[in-house]
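Structure first, then comments.
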Amino acid sequence: MHAHIRTAAKVAFIAALLGAGLQSAHAGAVIINPAGTVALGINDAGHLNFSSAVNPSNASATGLSIITPAGVRLDATAPGCLCEGWGVSGNGVAGYANVSTDGGVNNLTVDTFSSTATTATSNVHVTSLPTLSVSQVYTPATEAGASDVLYKDTVTITNTGAATITDVRYVRVMDWDVPPTEFSEYVSIVGTASTTLLQRSHNDGFETANPLVNGSPITASTLNSDFTDLGVLDHGAYFRFGFGNLAAGESKTFSIYYGAAFSETQALNALGAVGIELYSLGQSSTPNGPDLGLPYTFAFGFKGVGGIVVVPPGPESGAVPEPGTYGLIGAALLGAAVYFRRRQTKN
């Protein structure tokens, strides 16, 4: 068991961290989509929550921010705790990065980092396993209905050596802190049953990004299971994928999407437009937060991880089926036995 960083403790922790100057020691960038609605703060090792000269009004760094029509930036991953990160492992060796949970970058060497006003690219390798490299390219989504909501992170894991790397894993984890009720949010995860490369998922957004560690969910029922509007809690989303062995020169590529919308309908439409396979939503505990996703809905999802499309594109009217309807659509297309199958608890 491990302690979770919570509310006042989280605020104190990050204040001390920034006061020590640790965050500013790393290069990075804040990028904004052309629509001017979403901002991401990318550290040079590819994880979010980067502190710059211009930070959101509710946080000391930019992670995943929505930008209101008035130009106000509100963040959903950086308030209190800079708990968003990723990790990779192979041959039983891991490298990972998460500012608060893991104290920064661990066993990763940054090869290059570059950015423009709207994009960022991070290339790293595992320090003690230098033939295991990871490229992460952040670009605005281009699909109609998604370009003003989603950023895409194209992740490529490559074996640059002459020998096979065994048991390659990748983790992505985030603590949702959704405005205007940061530290008290509703969280959903959808698509676990049909995502074949998913090894482990749950609602502990404070979990280490080390893929070799099996942590525990905050809520036991969320382990490797879908759930909708769970809350009110201070929690997030954790996903670990298994890519098997990587032969010499072989690569695995998949996509991660980060989104910020002004309603649940807008967020789901965007996820449907890109063909998302597995996703989490973070919504506030305001009266219309869990049901309508007002005033903001934040999204985090995956494509190319062995799943099926779990958010069908909505009709032109902009309406999207509620989560309970997805099963009916999937059953009609693929067969109920396939769509609703449940994995045994994974290790």
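Starting from 1, each residue takes its place in the sequence as its number.
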Counting N and O atoms only, with roles assigned by atom type, does the side chain of [X] sit under 3.5 Å from a partner on the main chain of [Y], one being a donor and the other an acceptor?
{"X": "N55", "Y": "A59", "result": "no"}
{"X": "N159", "Y": "A247", "result": "yes"}
{"X": "S284", "Y": "E185", "result": "no"}
{"X": "E250", "Y": "T158", "result": "no"}
{"X": "R169", "Y": "P211", "result": "yes"}
{"X": "D102", "Y": "G104", "result": "no"}
{"X": "S89", "Y": "G92", "result": "no"}
{"X": "T219", "Y": "T222", "result": "no"}
{"X": "S52", "Y": "V54", "result": "yes"}
{"X": "D226", "Y": "G191", "result": "yes"}

Between [X] and [Y], is any pair of side-chain heavy atoms under 4.5 Å apart?
{"X": "T253", "Y": "I157", "value": "no"}
{"X": "F183", "Y": "P79", "value": "yes"}
{"X": "S184", "Y": "L233", "value": "no"}
{"X": "I32", "Y": "T37", "value": "no"}
{"X": "T131", "Y": "L129", "value": "yes"}
{"X": "V168", "Y": "K252", "value": "no"}

Can you see whether [X] engages [Y] through a side-chain donor-acceptor pair at a distance of less than 3.5 angstrom?
{"X": "T127", "Y": "T109", "answer": "yes"}
{"X": "S128", "Y": "N107", "answer": "yes"}
{"X": "E264", "Y": "Q283", "answer": "yes"}
{"X": "N98", "Y": "E84", "answer": "no"}
{"X": "N33", "Y": "S147", "answer": "no"}
{"X": "Y296", "Y": "Q266", "answer": "no"}

Below 30° counts as parallel, above 60° as perpendicular, anything between as tilted: where do the rings of F254 and F241 land? tilted
Can you say whether the rings of W86 and Y170 are parallel (under 30°), tilted (30 to 60°) or perpendicular (over 60°)? parallel
Under 4.5 Å between side-chain heavy atoms, hopping through other hydrophobics if needed: is there a path connecting [X] to [Y]?
{"X": "V93", "Y": "I165", "result": "yes"}
{"X": "M174", "Y": "V38", "result": "yes"}
{"X": "L198", "Y": "V187", "result": "yes"}
{"X": "F227", "Y": "W176", "result": "yes"}
{"X": "V178", "Y": "L230", "result": "yes"}

Which atom pair, heavy atoms only, marks the closest approach of [X] to [Y]?
{"X": "P217", "Y": "L223", "result": "CG-CB, 4.1 Å"}
{"X": "T101", "Y": "F206", "result": "CG2-O, 3.0 Å"}
{"X": "T77", "Y": "G63", "result": "OG1-CA, 3.2 Å"}
{"X": "T286", "Y": "P180", "result": "CG2-CG, 3.7 Å"}
{"X": "S65", "Y": "P56", "result": "OG-CG, 3.4 Å"}
{"X": "V72", "Y": "S57", "result": "CG1-OG, 3.7 Å"}

side-chain contact (heavy atoms from CB on, under 4.5 Å) with Y138: of L48, T118, I256, only one passes, and it is L48
Exactly one of I189, V173, T195 should register a side-chain contact (heavy atoms from CB on, under 4.5 Å) with F239. Which one does? I189
When rounded to the nearest 0.5 angstrom, what distance separates [atom1] in [X] from [atom2] in [Y]?
{"X": "S201", "Y": "Y238", "atom1": "OG", "atom2": "OH", "value": "9.5 Å"}
{"X": "N203", "Y": "S280", "atom1": "CG", "atom2": "OG", "value": "9.5 Å"}
{"X": "L246", "Y": "N91", "atom1": "CG", "atom2": "CG", "value": "10.0 Å"}
{"X": "L132", "Y": "T160", "atom1": "CG", "atom2": "OG1", "value": "8.0 Å"}
{"X": "I42", "Y": "N49", "atom1": "CD1", "atom2": "CG", "value": "9.0 Å"}
{"X": "K152", "Y": "S255", "atom1": "NZ", "atom2": "OG", "value": "4.0 Å"}

Quick one: do T119 and T116 satisfy side chain to side chain donor-acceptor pair (under 3.5 Å)? Show the steps, please. CA-CA 5 Å; T119 69; T116 68; 2.8 Å; yes
For F302 and R172: C-alpha separation, side-chain torsions, deciding distance, then whether side chain to side chain contact (heavy atoms under 4.5 Å, CB included) applies. CA-CA 10 Å; F302 301 85; R172 201 84 197 201; 3.9 Å; yes
Begin with the C-alpha distance, continue with both residues' side-chain angles, and end with the deciding distance and a verdict on side chain to side chain contact (heavy atoms under 4.5 Å, CB included) for V126 and L108. CA-CA 5 Å; V126 177; L108 291 175; 4.2 Å; yes
Do NZ/NE/NH1/NH2 and the carboxylate oxygens of D75 and R73 come within less than 4.0 Å? no
Evaluation steps, side chain to side chain contact (heavy atoms under 4.5 Å, CB included), between F50 and L40: CA-CA 8 Å; F50 175 71; L40 285 184; over 6 Å; no
Please walk me through it: do N224 and T192 pass side chain to side chain donor-acceptor pair (under 3.5 Å)? CA-CA 6 Å; N224 302 327; T192 61; over 6 Å; no
Among T156, D111, N123, T121, side-chain hydrogen bond (donor to acceptor under 3.5 Å, both in side chains) partner for S135: N123
Can you check side chain to side chain contact (heavy atoms under 4.5 Å, CB included) on V88 and Y96, steps first, answer last? CA-CA 6 Å; V88 68; Y96 49 101; over 6 Å; no
